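A short write-up of the structure that comes next.
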Amino acid sequence: MRYLSTRGHTDRKQFCEILLEGLAPDGGLYLPESYPQIDAAALTRLRGVWQSQGYADLAFEVLSLYIDDIPASDLQALCRKTYTAEVFGTPEIVPLKPLKAVGQAQPDMYLEALSNGPTLAFKDMAMQLLGNLFEYELARRGEALNIFGATSGDTGSAAEYAMRGKKGVRVFMTSPNGRMSPFQQAQMFSLLDENIHNIAIEGVFDDCQDIVKAVSNDLDFKRKYKIGTVNSINWARLLAQVVYYFAGYFQATQSNEQKVSFTVPSGNFGNVCAGHVARMMGLPIDRLVVATNENDVLDEFFRTGIYRVRGTADTHETSSPSMDISKASNFERFVFDLLERDAAKTKAIFGEGLSTQGFFDLSADARFAQAATTYGFDSGRSTHADRLKTIQQVFASYGLMIDTHTADGVKVAKEHLTPQVPMIVLETALPIKFAATIVEALGRQPDRPPQFEGIEALPKRVQVMAADVDLIKAYITEHCD
Ligand SMILES: *Cc1c(COP(=O)(O)O)cnc(C)c1O
């Protein structure tokens, strides 16, 4: 399997080459040259693997189709080390929870539980594998890597919990001082591992991102200190997410004749892009429903064909903050496929087009209609009032407490139900991470998994610093050998 860039660069790369890279050299995103096809016999075999061997081996089978530069036995060992009941809370790793009231014959829909990993958000599903892949590949090369990033909450903690104690890897994670939820701060800052560095910046999230950009643009510094990232455009992260679409499908169906639909709470389009990849491989997915919050860049595109990025001033701060994006960094991958892999056109609209005009318009392009027809996409939008109502309804009808992002998914899923086609909503976080809104909706505190009892009182390790690139570079220099 070789990987190409969505913007037409002539290089073709292997999996381990792009594992430690971000963007392709021409600014595009990496995609496989073609999607491996799962025919009926292969699907039956994978269902058997899921049923008799479980999630880790299913992951190994799916990943093997895309990774041919890690020996099979090593890849299988990495998957088995990653996806354990100990780390992910249940033997199923991603169990389905039916939304079914007492006395009801068929569930209205299902939640696929992706949030029982170490940081209680679905990003653990991919990041835990990435940590093990990084450690493996760096050891093989005899190299080290310093991950430098910015977080407003979920990504940074998932990265730190995945990389803690890993040989050859250090993490320097900036976050806006005092702006994450108390639970998120406690999660990140209570990590005392030597290779984890929390830097709380006196500023907002955009200041953190600006610093990361400034450091990444200093190519000498970047090379000298082996700076890398783990953001959501990393192909390995996306690939790891493809697996749970298969696991969700096998749990909701008895035979390969059946189809399912997925609704995915979306921000950077990483999670739902993995669903697109699974569907392109031939997994019988009917609809892929993109759910957004008030930051509805993606919903607008699927309704109108116009993709209009927002300025920071137009980006709403919402109660589903992990979906507060102005520009969906993974969206280029889908548009490349939609445009029948026309790299020149992709480059024109995402490169020059977006940076000069701030939008592109495919409404007059005949291929836009195929987003819904050929590729199965639908979309919808949810607001703070919808979230409160949905959290209340789900609690009252099914006795289940859901988080604010999952609530956006359930709200939009209800608008896209089809008889006979099970609807699976991806549960992207647990309610405890966003307690304030749960209290607003239900008048009570969310349940807290026992291992998180009292984490706010643990000792913290965090360096508060001014939003000054030179100071932060000095800090990194001082803490690398
Ligand atoms: C990251 C995140 C999302 C958005 O996922 P994308 O891959 O960026 O679309 C949704 N919900 C939660 C809880 C998240 O942490």
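Only this structure's heavy atoms are used, side chains among them; waters, hydrogens and symmetry mates stay out. Computed from a predicted model, the values in this text were never measured in an experiment. One-based numbering, in listed order, for ligands and for the atoms of each.
Residue-ligand proximity, G270 to ligand 1, at heavy-atom distances under 4.0 Å covers atoms 6 (P), 7 (O), 9 (O). The ligand atoms of ligand 1 that sit less than 4.0 angstrom from a heavy atom of M323 are 10 (C).
Counting non-hydrogen atoms of neighbouring residues, nucleotides and ligands closer than 6.0 angstrom, the CD atom of E317 reaches no more than 12 such neighbours. For K389, the NZ atom counts as loosely surrounded, since its 6.0 Å shell holds 12 or fewer non-hydrogen atoms of other residues, nucleotides or ligands. Counting non-hydrogen atoms of neighbouring residues, nucleotides and ligands closer than 6.0 angstrom, the NZ atom of K414 exceeds 12 such neighbours.
Contacts between F122 and ligand 1 below 4.0 angstrom, taking non-hydrogen atoms only, involve the side chain exclusively. Contacts of N268 with ligand 1, taken as heavy-atom pairs under 4.0 Å, involve both backbone and side chain. With a 4.0 Å heavy-atom cut-off, ligand 1 is reached by no atom of K433.
Within the structure, ligand 1 has P265 among the residues with a heavy atom less than 4.0 angstrom away.
Between F269 and F334, the ring-plane angle classifies as tilted under the 30° and 60° cut-offs.
Any N or O atom pair closer than 3.5 Å counts here, and K123 shares at least one such pair with ligand 1.
Atom 11 (N) of ligand 1 has its nearest heavy-atom neighbour, among D124, T428, L114, in T428.
Applying side-chain hydrogen bond (donor to acceptor under 3.5 Å, both in side chains) to N293 and the options S322, S382, S320 leaves one that passes, S320.
Aromatic rings from F172 and F148 are positioned such that their centres are separated by 6.0 Å or more.
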